[in-house]
Amino acid sequence: MEKQLWDHVQTVRQQSPLVQNITNFVVMNNTANALLAVGASPIMAHGHAELDDMSRICRSLVVNIGTLDDYWVAAMFRAAVLAGEAGKPWVLDPVGAGASGYRDTTLRELLEHRPTVVRGNASEIMALAKANTKATKGVDSTAASSEALDAARSICQRYGSVVCISGAVDVVVGPAQSMYIHNGDPLMTKVTGLGCSATALIGAFIAVVDNRVEAVGAAMALMGVCGELAAAASSGPGSLQVNLLDKLYNITEEEFTTRLRISHEA
Ligand SMILES: Nc1ncnc2c1ncn2[C@@H]1O[C@H](COP(=O)(O)OP(=O)(O)O)[C@@H](O)[C@H]1O
Ligand SMILES: Cc1ncsc1CCOP(=O)(O)O
Ligand SMILES: [Mg+2]
C-alpha cells in the first residue's frame with residue numbers, strides 16, 4: 001500500500017490538476033502554496049459570475065466554510081451543484097462545525113449535495129453528524145479521532161462521502177474500507193491552516209485518483225509524513241510552516257515510504 005500511495009503522489013505531480021478553491025480568508029495563501037508545492041495548480045475563485053467557467057476548466061473543487069458569509073455560501077451551493085452535474089469530485093471542509101447555527105445550517109445543506117469527501121477534525125466530524133457530546137472549541141478539536149468514528153461512519157452511510165477525521169491519527173472512512181495514518185507532529189496544531197491545507201491536498205488527489213479512500217489516504221499520508229519531517233527541522237510554528245512547504249515540494253520516495261505508518265486498525 002505504501003508504494004501505491006507514493007504512486008498517487010507522483011500522479012499529482014505529473015498531471016498537475018487545476019483545483020478550484022472556495023476557501024477562507026485565513027488560509028487562502030497557505031493552501032494555494034501547499035497545492036503548488038505538491039505539483040497541483042490552485043485557483044481561488046468564489047465570484048458568482050465565473051463559477052460556470054471555473055467548473056468547466058477545473059478538475060475538482062474544494063469548499064471550505066472557514067469565514068463564511070451569505071455571498072460565499074451562495075457560491076458554495078452553486079459550485080457544489082455544478083460539480084454534481086459535471087460528475088467532478090469535491091471535498092468539504094466543515095471548519096468550525098458546531099460553533100454556530102449558521103455554520104450548521106450551511107453544512108447541512110452542503111451535505112445534501114453529497115460531497116465526494118469530507119475532511120475535518122474530530123470535533124467537527126462529530127458536530128456534523130449531530131453526534132457530538134463535546135462542544136466544538138472554535139476551529140480546533142477537543143476530541144480524539146477515535147471518538148468521531150461512529151459519526152464518520154454515519155456521514156459516509158448517509159451521504160456516500162468518504163470521511164477523513166484528522167488528528168494525532170488520521171482516519172479515512174470509506175463505504176468498504178478504512179485506513180489509519182499514524183504520522184504527523186503535535187506542533188502542526190500550532191500553525192493555522194494545516195487542516196485546510198490537508199483538505200486542499202485531498203482536492204488535488206481526488207482529481208486524479210479514482211479510488212477515493214486511497215486518494216484521501218495518499219493526501220493525508222503526504223501531509224503527515226512531510227509535517228513530521230518538517231517539524232524535526234523546525235524550532236517553532238513559524239519555521240514549521242516554511243519547512244512544511246519545502247518538504248511537500250521535495251519529499252523523496254524513500255523518505256515517504258520509510259516514514260509512513262499506515263494500518264487498517266486504530
Ligand atoms: N496531535 C497530533 N499529532 C500529530 N499530527 C497531528 C496532530 N494533530 C493534528 N495533526 C496533523 O495536522 C494536520 C491538520 O490536522 P488537524 O489539526 O486535525 O486539522 P484542523 O486544523 O482542521 O483542526 C493533519 O495532517 C494531522 O495529521
Ligand atoms: C482560525 C480560523 N478561523 C476561521 S477559518 C480559520 C482557519 C482554520 O484553519 P485550520 O482548521 O486548518 O487550522
Ligand atoms: Mg480545520
Side-chain angles (χ1 to χ4, degrees), residues 5 21-35 37-38 44 62-69 72-73 76 91-100 102-103 106-107 117-128 134 136-148 152 163-172 179-203 205 216-232 234 237 240-241 243-245 247-248 251 256 259-262 266:
L5 297 187
N21 295 258
I22 303 178
T23 187
N24 69 71
F25 292 114
V26 183
V27 307
M28 244 185 238
N29 181 273
N30 310 46
T31 61
N33 274 320
L35 282 166
V38 302
M44 285 30 203
V62 175
V63 172
N64 176 312
I65 68 151
T67 50
L68 73 180
D69 76 6
W72 288 60
V73 165
M76 292 171 196
V91 55
L92 172 65
D93 190 326
V95 180
S100 73
Y102 185 36
R103 281 174 200 259
T106 302
L107 286 168
V117 180
V118 177
R119 198 281 329 154
N121 62 46
S123 294
E124 290 163 344
I125 296 299
M126 287 193 286
L128 205 55
K134 294 184 181 181
T136 302
K137 188 191 137 208
V139 301
D140 296 323
S141 188
T142 57
S145 311
S146 54
E147 297 177 69
V163 180
C164 173
I165 315 159
S166 61
V169 179
D170 299 321
V171 189
V172 184
M179 198 185 287
Y180 295 77
I181 298 150
H182 307 257
N183 291 96
D185 189 283
L187 190 58
M188 294 172 80
T189 63
K190 299 298 174 195
V191 177
T192 193
L194 293 194
C196 302
S197 296
T199 302
L201 296 193
I202 289 171
F205 280 74
V216 177
M220 297 310 292
L222 184 61
M223 192 71 189
V225 170
C226 289
E228 191 173 305
L229 291 168
S234 302
L240 173 59
Q241 207 170 343
N243 288 328
L244 175 58
L245 271 186
K247 192 43 72 186
L248 287 171
I251 187 165
F256 183 80
R259 275 276 176 167
L260 184 57
R261 292 189 302 279
I262 47 173

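All figures in this text were calculated on a predicted structure; none of them were measured in a lab. What's counted below: heavy atoms across the whole structure, side chains too, no hydrogens, waters or symmetry copies. Atoms within a ligand are numbered from 1 in the order they appear, just like the ligands themselves.
Rounding to the nearest 0.5 Å gives a distance of 8.5 Å between OG1 of Thr192 and CD of Gln241. A distance of 6.0 Å separates CG in Leu244 from CE in Met188, rounded to the nearest 0.5 Å.
Short contacts between ligand 2 and Gly193, defined as distances under 4.0 Å to a heavy atom of the residue, involve ligand atoms 9 (O), 10 (P), 12 (O), 13 (O). Listed by atom number, the atoms of ligand 2 under 4.0 Å from Asn24 heavy atoms are 5 (S). Listed by number with element, the atoms of ligand 1 under 4.0 angstrom from any heavy atom of Asp185 are 3 (N), 4 (C), 5 (N), 6 (C). When each atom of ligand 1 is checked for a heavy atom of Met188 under 4.0 Å away, the hits are 11 (C), 12 (O), 13 (C), 25 (O).
Inclusion of Asn121 in the set of residues having an N or O under 3.5 Å from an N or O of ligand 1 is warranted. Considering both main-chain and side-chain atoms, Gly195 comes within under 3.5 Å of ligand 2 through a nitrogen or oxygen pair. The distance criterion of under 3.5 Å between nitrogen or oxygen atoms is met by Cys196 with respect to ligand 2. Residue-to-ligand polar distances place Asp170 within reach of ligand 1: an N/O pair is separated by less than 3.5 Å. On a distance-only criterion, Gly184 and ligand 1 share no N/O pair closer than 3.5 Å.
Nearest protein heavy-atom contact of atom 25 (O) of ligand 1 is Met223 CG, 3.4 Å. Regarding atom 3 (N) of ligand 2, its nearest protein heavy-atom neighbour is Val139 CG1, 3.8 Å. The protein atom (non-hydrogen) at minimum distance from atom 6 (C) of ligand 2 is Val26 CG2, 3.7 Å. Of all protein heavy atoms, the one lying nearest to atom 4 (C) of ligand 2 is Gly66 O, 3.4 Å. From the protein, the heavy atom lying nearest to atom 7 (C) of ligand 2 is Thr192 OG1, 3.6 Å. The protein non-hydrogen atom at the shortest distance from atom 2 (C) of ligand 1 is Ala168 CA, 3.4 Å. Regarding atom 17 (O) of ligand 1, its nearest protein heavy-atom neighbour is Thr189 CG2, 4.2 Å. For atom 16 (P) of ligand 1, the nearest non-hydrogen atom of the protein is Ser166 OG, 3.4 Å.
The main-chain N or O of Val225 is never found under 3.5 Å from a side-chain atom of Arg259 such that the two would form a donor-acceptor pair. At least one donor-acceptor pair closer than 3.5 Å links the side chain of Arg103 to the backbone N or O of Gly66.
A heavy-atom separation below 4.0 Å is found between Arg119 and ligand 1. At least one heavy atom of Gly167 sits less than 4.0 Å from an atom of ligand 1. Using a 4.0 Å cutoff on heavy atoms, Gly227 does not count as a contact of ligand 1.
Contact annotation: for Asn121 versus ligand 2, there are no heavy atoms closer than 4.0 Å.
One option in Pro186, Gly195, Cys196, Ser197 has a heavy atom closer to atom 21 (O) of ligand 1 than any other, and that option is Gly195.
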